[in-house]
Amino acid sequence: MKRRRLGTQGLEVSELGLGCMGMSEFYGRTDEGEAIATIQRALELGVTLIDTADVYGPFTNEKLVGRALADRRDGVVLASKFGNVRNAQGEFLGVRGDAGYVHEACDASLERLGVDHIDLYYQHRVDKQVPIEETVGAMAELVEQGKVRYLGLSEAAPDTIRRAHSVHPISALQSEYSLWERGVEERVLTTLRELGIGLVPYSPLGRGFLTATVRSREQYGEGDQRPERYPRFAEGNFEQNLHLVEAVERIAAENGAKPGQVALAWILRQGEDVVPIPGTKRRAYLEENVAAAEVELSDAELSRLDDAFPPGVAVGERYGPGIIDTLDR
């Protein structure tokens with residue numbers, strides 16, 4: 001697999017990463033054995049960027065990733081995140097970015113992961129009650145202590161990114177970015193490129209919507225929170241959004257590819273500083289995603305996709321009220 005640079009501090013990763021959130025919750029039933037096999041298969045295929053967070057599970061996803069990487073740590077760029085606070089029962093308790101919590105969260109993640117350092121450590125959500133300078137200052141201390149190698153932010157606005165970067169170089173911003181969610185293009189991506197910061201899109205497949213494998217809300221199984229958690233999957237919105245996938249399906253058919261592969265091929269063409277992390281919990285889908293790197297879209301096909309997915313085309317907000325209010329916009 002080809003490699004790309006994130007930031008200007010020397011961080012180099014595979015052009016596609018692996019998001020591990022769904023291996024523990026939110027997207028239906030989980031299978032730890034298959035999840036571990038999927039992570040290990042990703043490494044065999046040349047994927048080096050493995051992404052988790054303390055909030056996933058909560059807490060269990062980091063442990064799972066740690067077990068999967070127990071004897072495979074060399075060559076892996078291990079990314080984790082802090083800032084979204086949950087208790088052991090899974091209740092969301094808010095966002096924290098105070099200096100003391102930064103150190104506390106990192107130490108807990110290191111223990112769960114079973115490693116002595118995290119390669120890329122993100123602030124998962126910006127704490128609007130704490131100056132970003134305090135948060136990043138504490139993150140910089142983690143770098144000095146050798147607990148973290150590179151710093152990242154997630155869902156941060158341009159001004160926040162600039163202020164953070166002035167305290168310590170930021171290597172990557174992780175934000176939602178896909179054909180049906182292009183909000184970062186207007187101001188955020190311009191800021192990142194001005195400062196030399198890479199973009200790591202999460203949900204590059206629109207939480208699976210762009211794979212064209214689901215035609216009705218009833219197909220989501222037990223434990224899958226998409227229909228309730230994300231407004232674009234809500235009754236009415238889901239049906240209106242279905243027609244968007246038709247353009248992806250047509251181009252996929254013309255290329256002998258899967259719709260999800262076309263969606264990933266599109267995002268890979270958005271710049272060498274863009275490294276998507278499609279999430280999956282099964283080896284079969286992982287292999288399909290990795291093969292997307294071999295799909296070559298023509299300029300005409302890219303233009304057709306841009307025309308079919310102008311910014312704001314999807315019906316419904318990305319998140320419900322309780323979550324979207326935590327975004328730094």
Side-chain angles (χ1 to χ4, degrees), residues 1-4 6 13-24 26-28 30-31 34-53 56 61 64-65 68-69 72 75-79 120 172 174-181 198-214 220 224 226 244-245 247-249 251-297 301-302 305 309:
M1 178 170 289
K2 296 176 183 176
R3 301 172 75 84
R4 294 185 172 187
L6 291 175
V13 299
S14 52
E15 63 181 338
L16 280 166
L18 174 63
C20 298
M21 180 186 77
M23 296 177 179
S24 296
F26 298 125
Y27 289 175
T30 59
D31 180 333
E34 177 63 17
I36 289 175
T38 299
I39 294 171
Q40 294 176 346
R41 178 60 176 150
L43 303 183
E44 293 171 358
L45 294 172
V47 174
T48 63
L49 179 59
I50 306 297
D51 184 90
T52 182
Y56 302 156
N61 195 250
L64 183 151
V65 170
L69 300 179
R72 295 169 168 81
V76 175
V77 177
L78 179 57
L120 177 56
Q174 184 173 137
S175 287
E176 184 174 357
Y177 185 36
S178 68
L179 276 169
W180 83 340
E181 178 48 57
L199 176 65
V200 178
Y202 71 83
S203 296
L205 293 172
R207 297 186 173 83
F209 194 89
L210 298 172
T211 64
T213 55
V214 176
Y220 292 109
D224 196 316
R226 277 173 283 195
L244 294 173
V245 183
V248 185
E249 290 180 298
I251 292 176
E254 294 166 10
N255 284 271
K258 299 288 184 66
Q261 292 174 326
V262 168
L264 290 174
W266 175 86
I267 209 163
L268 286 170
R269 285 288 298 275
Q270 302 312 302
E272 291 294 317
D273 54 353
V274 178
V275 178
I277 50 168
T280 184
K281 51 189 176 181
R282 298 182 179 90
R283 282 169 285 182
Y285 293 143
L286 164 76
E287 291 170 357
E288 183 177 306
N289 291 342
V290 168
E294 305 303 319
V295 176
E296 296 186 9
L297 300 177
E301 288 169 332
L302 291 169
L305 288 169
F309 289 88

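Here CG of L45 is found 11.0 Å from CG of N289. Values are rounded to the nearest 0.5 Å. Rounded to the nearest 0.5 Å, atoms CD (E181) and CZ (R207) are 9.0 Å apart. For the atom pair CZ of R3 and OG of S14, the computed distance is 7.0 Å after rounding to the nearest 0.5 Å. Atom CG of residue L210 and atom OG1 of residue T213 lie 10.0 Å apart, to the nearest 0.5 angstrom. Note that the OH atom of Y27 and the OH atom of Y220 stand 9.0 Å from one another [nearest 0.5 Å]. How far CG of L268 is from CD of E294: 10.5 Å, rounded to the nearest 0.5 Å.
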One pair to check against side-chain contact (heavy atoms from CB on, under 4.5 Å): T48 and V76. What are the steps and the verdict? CA-CA 5 Å; T48 63; V76 175; over 6 Å; no
K2 and E15: CA distance, side-chain angles, deciding distance, salt bridge (Lys or Arg N to Asp or Glu O under 4.0 Å) verdict: CA-CA 6 Å; K2 296 176 183 176; E15 63 181 338; 5.6 Å; no
Given the rule in the side-chain contact (heavy atoms from CB on, under 4.5 Å) test, do M21 and N61 qualify, once you have shown the distances and angles that lead to the verdict? CA-CA 7 Å; M21 180 186 77; N61 195 250; 5.6 Å; no
Using the side-chain contact (heavy atoms from CB on, under 4.5 Å) rule, take F309 and V248 through it: C-alpha gap first, then chi angles, then the decisive distance, then the call. CA-CA 10 Å; F309 289 88; V248 185; 3.6 Å; yes
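Using a 4.0 Å cut-off between a side-chain N of Lys or Arg and a carboxylate O of Asp or Glu, R282 and E34 do not qualify as a salt bridge. Note on E288 versus K258: salt bridge recorded, some NZ/NE/NH1/NH2 to OD/OE distance being below 4.0 Å.
Partners of R72 according to the salt bridge (Lys or Arg N to Asp or Glu O under 4.0 Å) rule, which considers only residues two or more places apart in sequence or in another chain, do not exist here. Residues that satisfy the salt bridge (Lys or Arg N to Asp or Glu O under 4.0 Å) test with R226, not counting sequence neighbours, are D224. In this view, E301 satisfies the salt bridge (Lys or Arg N to Asp or Glu O under 4.0 Å) rule with no residue, not counting sequence neighbours. Shown here are the side-chain contact (heavy atoms from CB on, under 4.5 Å) partners of A79, two or more places apart in sequence or in another chain: L49, D51, L120, Y122. Checked against side-chain contact (heavy atoms from CB on, under 4.5 Å), V245 has the following partners two or more places apart in sequence or in another chain: F209, A212, E249. For E296, there are no salt bridge (Lys or Arg N to Asp or Glu O under 4.0 Å) partners two or more places apart in sequence or in a different chain.
Considering all non-hydrogen atoms of both residues, L205 and G260 come closest at CD2-O, 3.3 Å. S178 and W266 make their closest contact through C-CZ3, 3.8 Å (heavy atoms, listed as atom of the first residue, atom of the second, distance). When all heavy atoms of P276 and L16 are compared, the closest pair comes out as CG-CD2, 3.5 Å. Of all the heavy atoms in P259 and A252, the pair that sits closest is N-CB, 3.7 Å. Here the closest non-hydrogen pair linking A292 and A265 is O-CB, 4.0 Å. Of all non-hydrogen atoms in Q261 and A291, the two that sit nearest each other are NE2-CB, 3.5 Å.
Tested against M23, the residues V65, T38, I36, D31 include a single side chain to side chain contact (heavy atoms under 4.5 Å, CB included) partner, T38.
In this structure, I50 and V77 have side chains that are not in contact, with every pair of non-hydrogen atoms separated by 4.5 Å or more. I39 is listed as a side-chain neighbour of L18, based on a closest heavy-atom distance under 4.5 Å. Using a 4.5 Å cut-off on side-chain heavy atoms (C-beta onward), L6 and L199 make no contact. Put simply, the side chain of I267 reaches to within 4.5 Å of the side chain of P201, judged on heavy atoms. For the pair L286 and V290, the minimum side-chain heavy-atom distance is below 4.5 Å.
Here the side chain of R269 pairs a donor or acceptor atom with the backbone of L297 at under 3.5 angstrom. Formation of a donor-acceptor pair under 3.5 Å by the Q40 side chain with backbone atoms of A68 is found in this model.
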